[in-house]
Amino acid sequence: MPDTPPSLLVRGLTKRFGNHLAVNDLNLTVMPGEFFGFLGPNGAGKTTTIRMLVGLLRPDAGQVAIAGHNLATDPLGLKGAIGLLPDELNLYERLTAREFIQFAGTMYGLPLDAVRSRTEELLALMELGEHANRMIVDYSAGMKKKTALAAALIHNPRVLFMDEPFEGIDAVSSRALRHVLDRLRDRGTTIFFSSHILDLAERLCTRIAIIHLGHLRAVGTLADLRAGIGLPPNARLEDVFIALVGAPPEKDELSWIA
Amino acid sequence: MGVVGVAIMIVLFILPAGLGLGAFTYAGFHVLDGDGDCELLHLMLAGVWVFWMVFPLIGFSLNQSYDLTRLFIYPLSRRMIFVANLLGCCLDPTLLLVLPLFAVIVASQATSLPALVLIVPALLLFLMQTIALSQAILWALLNVLRSRRIRDWAILLAPLVMLAFYIAPHLLVRGAVGGDVFGRVIAWRPSRYFGYTPVGMAAGTVICAARGAWLGALGYLLGGAAYLLLTIALGGFVLSRLHLGEIGAGPAAGKQEVGRWGRFSLPRLATTPLAVLALKEVRYYWRDPRHKAAFIVPLVPVLIVAAGVIVGQPWPPSAAIIFAGFVCLFTFTKLFQNAFGIDREGLRLLFVTPCPRGDVLLGKNIAGVGTATLATSVAVLATGAVIGDAPLAVICTSFVLPVAILLAAVGNVVSIHFPTRLARRGENPFTTSSGRQFIVAFVSLAAFLTALVIASPVLAAGALPMLLARPVLYAVTAPVSVLYAVLVYAAILRFYSADALQRNETRILEECLVGEPA
């Protein structure tokens, strides 16, 4: 796809918190329809990166463009093209799920009829219909996650950012969600996906980037990553991940447990 | 709780209330004679007893540290948890509320060494029994108290309790000076109701010891000790049930659907981000108890003005109505001056949407101005009715809207440049106190005064017809005031606030969500 403009183009993205370099000179190109896995251990800079990409955190340096919209010059155009499922559940907890999803749909400029019909479909898909008139403050963590996900999907975004989307979701909803994501990808939606669940990433992602201590360690298909570090073709993503991120052997043991 | 928070709470609330109670009791002991002392003592100790039963129930909802089931995962015996909990309560700053009262009782009644030897243990037994019983009640009701609805009600009750703290001493002191309050205490005879309770045991010991009736004092003291033992046994029983999960376990009650009254469906008009944002704000005012609590404030000026009428010292009508209006509007400035802090976690969703930032501010302001105007108008009209000048109140309400609009215009600038994180659920607001909060408080006051300066033409338009004794002029000055306010608001929004919000939203997020999970 050499002539197709990328869904996500990141150049030299950098963020520093005091003396801590959270993200250092990050460069990424993600094409339409890709299911892009953005992986790394805790504190690697995944969430910071996603927040910068969607305009919730100001980068110290670098350029971001999504679906042709530059974050610096056209932030609202960029935000209209994306959906976000954040790691933390950023919900208006005193709204009901139905009200919250409708609120999100209207804020993205959908007409009222579309807001209403899509809300009901999303509630049914996420199995939230029975609880749709209860305030979100009374929901379990999994229900909150599904509500947030519904709000991120309602406007059919061109690029969907998901930070740990499967955490706290039961197996049934997880399967339904995977099905929805597959259909979105088939229709050309780009999915930028961050997770600790490596098995899932291995199964879903067309390309993977691994970040550690703010530095991008590798990016490519799983086969590319294996080849890049000399692992055999049957090596799992977990092996690739450990090889790239590394872990000092002494961290595997506790001194008082023989 | 942080040191600054504790200091603020002690200086502003606990010490004044405690010293007030002590002073009232001291005055009573000097005014009353015969059985008067006994009745007053019953009343004051009963007040302490009831306060301690109720206070932890409200406090539990505001401060999660009251939930001692968190200790159950550690290898601690029930006895250790029980004793540590009682001792912890004895170190609670609220104890300062009763220390002045106890000091007055000892100083006034312990006229001899034997009396002192009996009175001090009696008061200690009473205090321990009170604390132990309040804890036992708290543990027994733990599951109910964990309910979100109960916690919401507690947040609403807290400002009412604070209001009572301010108004009750005011009325007590006025009554004490007039002399009739003590007469009413004797006439009510609290000893009839509390004589056989721990209150009666403590009061009986004190009175008998003061009168030299040593046998009677000893009898009451033993009664107090028996009550304490009984309460400890009860507390131990409740704690053991709690430990075994026979009470306090299971899902917390209160997960109910939003009632029909509160569940406005998406109306046909709410088809734009502007309208849906305003609707969201109104829903939050209605459902979030921390917002709803603000609606209690309009009661304060009305009650203060009413108190003046009751004691025969009424305010001048114009002063009373202006006072009510400004107190209410000042209270509601938080809707304008921290428009993003009140969004809390939802703020990330708001800022990730492509809604034009001018519409974000306008949507919030429509809800805020409407709410502030309505609540302030009600307070002004109520004050007018209380003071007996309803026509003046009606005229004043027509100037509430333009002032509210101008407060919103200035408030937007403060919201953008001085956003403040609000305490989360279960987090004590005093713990979030910091040096920055004092700066924000100063800025808030300065912004309010600035808004009033900008609103001076509106205030002049309100005063002019009155000064010229030409009420008919209000037909012109009132709409012109609204027009002036709308034009000023639109100019500030169009030429400054909308762009400033766009430029500052990442910083606003950092300020409002500081301390939240990264």
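Here is how names work: the chains are called A, B, and so on, in the same order as the sequence lines, proteins then strands, and each is numbered from 1.
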Peer 1: If the condition is ring-ring contact (aromatic ring centres under 6.0 Å, His included), which residues does A/F36 pass it with, not counting sequence neighbours?
Peer 2: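 A/F36 satisfies ring-ring contact (aromatic ring centres under 6.0 Å, His included) with A/F192 once adjacent residues are dropped.
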
Peer 1: Can you list every salt bridge (Lys or Arg N to Asp or Glu O under 4.0 Å) pair that touches residues 53-76 of chain A, not counting sequence neighbours?
Peer 2: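 Residue pairs passing salt bridge (Lys or Arg N to Asp or Glu O under 4.0 Å), neighbours aside: A/K15-A/D60.
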
Peer 1: Do B/R149 and A/D138 meet the salt-bridge criterion of a basic N to acidic O distance under 4.0 Å?
Peer 2: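 B/R149 and A/D138: not salt-bridged.
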
Peer 1: For chain A, which residues from residues 358-369 of chain B lie under 4.5 Å away (heavy-atom distances)?
Peer 2: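 Within residues 358-369 of chain B, no residue comes under 4.5 Å of chain A, counting heavy atoms only.
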
Peer 1: Can any side-chain N or O of B/K280 pair as donor or acceptor with the backbone N or O of A/F103 at less than 3.5 Å?
Peer 2: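 Pair absent, no side-chain N/O of B/K280 close to backbone of A/F103.
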
Peer 1: Please give me the minimum heavy-atom distance between B/P354 and A/L76, naming the atom from each residue.
Peer 2: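 Heavy atoms of B/P354 and A/L76 come nearest at CB-O, 3.3 Å.
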
Peer 1: Would you say CZ of B/R494 has more than 12 non-hydrogen atoms from neighbouring residues, nucleotides or ligands within 6.0 angstrom?
Peer 2: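 No, the 6.0 Å shell around CZ holds no more than 12 heavy atoms from other groups.
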
Peer 1: Can you confirm whether A/M107 sits close enough to B/L350 that some side-chain heavy atom of one is under 4.5 Å from a side-chain heavy atom of the other?
Peer 2: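 A/M107 vs B/L350: side chains touch.
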
Peer 1: Does atom CZ of B/R357 have more than 12 heavy-atom neighbours from other groups under 6.0 Å away?
Peer 2: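 More than 12 heavy atoms, drawn from other residues, nucleotides or ligands, come within 6.0 Å of this atom.
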
Peer 1: If you measure from CG on A/L112 to OG1 on B/T272, what distance do you get to the nearest 0.5 Å?
Peer 2: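 It comes to 10.5 Å.
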
Peer 1: What's the separation between atom CD in A/E93 and atom CZ in B/R148, rounded to the nearest 0.5 Å?
Peer 2: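 It is 10.0 Å, given to the nearest 0.5 Å.
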
Peer 1: Is it the side chain or the backbone of B/L274 that comes within 4.5 Å of chain A heavy atoms, both, or neither?
Peer 2: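 Neither part.
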
Peer 1: As an exercise, state the distance from CD of B/E510 to CG of A/L57, rounded to the nearest 0.5 Å.
Peer 2: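 Rounded to the nearest 0.5 Å, the CD-CG separation comes to 6.0 Å.
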
Peer 1: Heavy-atom pairs under 4.5 Å with chain B are the metric here; pick the option from A/L91, A/L78, A/V54 that has the most.
Peer 2: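 Heavy-atom pair counts peak at A/L91.
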
Peer 1: Looking at CG of B/L349 and CG of A/L56, how far apart are the two atoms once the value is rounded to the nearest 0.5 Å?
Peer 2: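 Result: 9.5 Å between the selected atoms.
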
Peer 1: Report the option among B/L347, B/L277, B/D343, B/I508 that has the most heavy-atom pairs separated by less than 4.5 Å from atoms of chain A.
Peer 2: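 Going by pairs under 4.5 Å, I would pick B/D343.
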
Peer 1: Just by distance, do the side chain of A/R94 and the backbone of B/R287 share a donor-acceptor pair under 3.5 Å?
Peer 2: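 Here the side-chain-to-backbone pair exists.
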
Peer 1: Which one wins on heavy-atom pair count under 4.5 Å against chain B: A/Y108, A/Y92, A/F100?
Peer 2: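 It is A/Y92.
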
Peer 1: Residues in side chain to side chain donor-acceptor pair (under 3.5 Å) with A/T147, at least two apart?
Peer 2: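 Partners of A/T147 by the side chain to side chain donor-acceptor pair (under 3.5 Å) criterion come out as none, since no residue qualifies.
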
Peer 1: For A/P86, is it the side chain, the backbone, both, or neither that has a heavy atom closer than 4.5 Å to a heavy atom of chain B?
Peer 2: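 Neither; nothing under 4.5 Å.
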
